[in-house]
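A quick write-up on the structure given underneath.
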Amino acid sequence: MSIVTEELQQSDLRAVLQNINLGVLLLDSDCRVVFWNDFMVLNSGQDGADVVGQLLFDVCPELPRLWLQKKVDAVFALQNLAFTSWQQRPYLFSFSGSRPITGQAEAMYQNCTFSPVLDAEGSVKFVCLTIADATETATQHLQLERLNQLLQAEKDEQARLIRKLEDTQAQLLQSEKMAAIGQLAAGVAHEINNPVGYVYSNFSSLQGYVGDLFALIDAYQQAAQQQDAAFRAVLEEINRKLDYEFVREDMADLVKESRQGLERVKQIVQDLRDFSHIDSGDWQPADLHKGLDSTLNVIWNEIKFKAEVIKSYGELPMIECLGSQLNQVFMNLIVNAAHAIEKQGTIWLETGCQDDWAFVRVRDNGVGIAPQHVSRLFEPFFTTKPVGQGTGLGLSVSYSIVDKHHGRLEVASELGQGSTFTVWLPVRQPQPQPQGGGDSPVSER
Ligand SMILES: Nc1ncnc2c1ncn2[C@@H]1O[C@H](COP(=O)(O)OP(=O)(O)OP(=O)(O)O)[C@@H](O)[C@H]1O
Ligand SMILES: [Mg+2]
């Protein structure tokens, strides 16, 4: 409760009310103005003498009439304070800012209080409406908010960069792994290539010599027919003991099969070389079918017990690409397809060309992908495989390789039916930008 000492005159109080740095006005229950202090005069430009006795809404037509009347009614009915802050309603009266404000704030932000003024009987006589200029607080607050937003944006950007860093690290890890595998494959291929080469060539000679030896034996046997019975008996005994007829027949098969085996070893060595592309890590026109075939041979062991592979290759021109990197993509897609097959299934490899785009499609009739996983497939480290069986990098690395080729990697899948991954590649890479293209993928070449 406020105490008014005796020496303080009513006129003094009135002077205080007039001069206080707050808008003060008294309203009756109809919202007629009973008192209007200097702050109001100054800011509204309307003199107290003209305003007192008028309806507040006539004096200030900008006021929200219904809302304000409701507030005043509530104070009369409940004898309670009501309040509105600049945050809920920035401007009640359209006053201009009380100080030169830099920035956007041109109007005065206001905090308003509606308080009951009681008569001697304790009923509400007037409503005292005070208006505090909150422009400074509001401007600082808004400035802080803007700064906060900037900080938040910066934080988001940092989070994005960290994610990018993680992606890059994952890709680096995978490409290091692939480089190591590639190097190993290339080394092994190189080591095997030499001995296989001379064994293969010796084998051709051996095949010829065996033919010659048999011809010689035939001639001897013919000549033996002219000899006496004892000699022939000894010879027949040797023939029987050594099972000469069988050896003679089997020898041809052995030589033929061994030759086929050697050819297969030669092919594997060639595939390993193609796969790891020891000769070129450059952008070069490549035959994708060759890449697919050699990749398939390298991973054949992982697939042969699980799936039948059906190739349906279309016409493909030479594609400008990083051959060994695309082989990694094919490998990841085919191995994933094989892993998706639980017991026995089929993997379809389809290729073709539409306009200036080539496609390589790997389709399987495996378990399929749950719809909620589809959007996460290309995230690094996303895997549904048990710990130790999948790193979850295959698809994310494949995605970035295809992206580097300015291509697209599409996926379609139905749970329980199978999945289809399609690599789309432009036949020719876009030309580098003439200037300032330091960031373009082509300039990485
Ligand atoms: N053909 C497919 N059929 C069903 N699910 C698939 C297929 N291909 C990928 N997936 C799903 O996508 C996930 C991510 O594949 P990704 O190749 O990136 O990683 P991974 O195979 O789990 O591990 P790795 O790093 O060894 O390749 C897989 O764990 C699997 O759940
Ligand atoms: Mg994989």
Side-chain angles (χ1 to χ4, degrees), residues 181-279 287 289-313 324 327 330-331 334-335 338 341 343-349:
I181 294 174
Q183 242 175 8
L184 194 76
V188 171
H190 182 74
E191 287 304 316
I192 296 178
N193 199 37
N194 260 351
V196 163
Y198 63 71
V199 169
Y200 188 79
S201 116
N202 288 354
F203 222 82
S204 300
S205 314
L206 210 61
Q207 203 172 13
Y209 297 160
V210 166
D212 293 348
L213 278 176
F214 279 130
L216 187 67
I217 292 170
D218 284 348
Y220 277 132
Q221 282 195 334
Q222 287 262 304
Q225 295 305 317
Q226 317 301 322
Q227 302 300 316
D228 62 22
F231 183 84
R232 289 206 312 270
V234 172
L235 214 60
E236 268 162 26
E237 178 59 16
I238 296 173
N239 273 356
R240 200 184 51 75
K241 255 194 177 161
L242 298 180
D243 206 353
Y244 174 72
E245 285 311 314
F246 171 77
V247 170
R248 188 188 165 92
E249 252 177 54
D250 200 33
M251 188 73 125
D253 289 345
L254 285 184
V255 169
K256 202 170 124 209
E257 280 167 21
S258 304
R259 226 185 128 101
Q260 281 169 354
L262 271 176
E263 262 155 24
R264 174 112 185 86
V265 174
K266 268 184 77 173
Q267 187 57 49
I268 290 171
V269 169
Q270 187 54 43
D271 288 337
L272 277 175
R273 287 164 75 98
D274 286 353
F275 175 73
S276 55
H277 248 271
I278 26 183
D279 329 312
D287 177 357
H289 292 149
K290 241 176 112 182
L292 261 172
D293 287 341
S294 65
T295 306
L296 196 60
N297 270 338
V298 170
I299 52 179
W300 185 237
N301 213 28
E302 208 155 332
I303 297 163
K304 62 182 176 195
F305 300 115
K306 285 289 235 14
E308 179 195 5
V309 175
I310 299 180
K311 294 182 196 173
S312 110
Y313 290 172
S324 60
N327 286 351
F330 303 149
M331 182 184 82
I334 299 170
V335 169
I341 292 167
K343 288 202 177 86
Q344 194 67 40
T346 310
I347 298 173
W348 289 267
L349 300 181

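- Within 6.0 Å of the NZ atom in Lys256, the count of heavy atoms belonging to other residues, nucleotides or ligands does not exceed 12.
- Note that the CE atom of Met331 and the CD1 atom of Ile299 stand 7.0 Å from one another [nearest 0.5 Å].
- Using a cutoff of 4.0 Å between basic side-chain nitrogens and carboxylate oxygens, Arg240 and Glu237 are scored as salt-bridged.
- Evaluation of the ring-ring contact (aromatic ring centres under 6.0 Å, His included) rule for Tyr313 yields His289 as partners, not counting sequence neighbours.
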Report the C-alpha distance between Met251 and Val210 in whole Å, list the side-chain angles of each, state the deciding distance to 0.1 Å, and finish with yes or no for side-chain contact (heavy atoms from CB on, under 4.5 Å). CA-CA 8 Å; Met251 188 73 125; Val210 166; 3.7 Å; yes
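- With Lys306 contributing its side chain and Lys343 its backbone, the two residues share no donor-acceptor pair below 3.5 Å.
- Put simply, CZ on Phe330 and CG on Leu292 are 4.5 Å apart, with the number rounded to the nearest 0.5 Å.
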Residues Trp348, Ser312; criterion side-chain contact (heavy atoms from CB on, under 4.5 Å); working and verdict: CA-CA 7 Å; Trp348 289 267; Ser312 110; over 6 Å; no
Steps toward side-chain contact (heavy atoms from CB on, under 4.5 Å) verdict (Val255, Phe203): CA-CA 8 Å; Val255 169; Phe203 222 82; 3.9 Å; yes
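- Residue Asn194 holds its CG atom at 7.5 Å from OH of Tyr198, rounded to the nearest 0.5 Å.
- Remark: Gln344 CD to Ile341 CD1 distance equals 8.0 Å, nearest 0.5 Å.
- Atom CG in Leu296 sits 11.0 Å away from atom CG in Asn327 (nearest 0.5 Å).
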Intermediate values then yes/no, side-chain contact (heavy atoms from CB on, under 4.5 Å), Leu262 and Val199: CA-CA 8 Å; Leu262 271 176; Val199 169; 3.7 Å; yes
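- Looking only at side-chain heavy atoms (C-beta outward), Tyr244 and Glu236 stay at 4.5 Å or farther from each other.
- In this structure, the side chains of Asn239 and Gln221 come closer than 4.5 Å at one or more pairs of heavy atoms.
- Other residues, nucleotides and ligands contribute more than 12 heavy atoms inside 6.0 Å of the CZ atom of Phe214.
- Taking a cutoff of 4.0 Å between a charged side-chain nitrogen and a carboxylate oxygen, Asp218 and Arg248 qualify as a salt bridge.
- With a 4.5 Å cut-off on side-chain heavy atoms, Glu245 and Glu249 do not count as touching.
- A donor-acceptor pair under 3.5 Å is formed between the side chain of Arg232 and the backbone N or O of Gln227.
- The CD1 atom of Ile347 sits 10.5 Å away from the CD1 atom of Ile310 when rounded to the nearest 0.5 Å.
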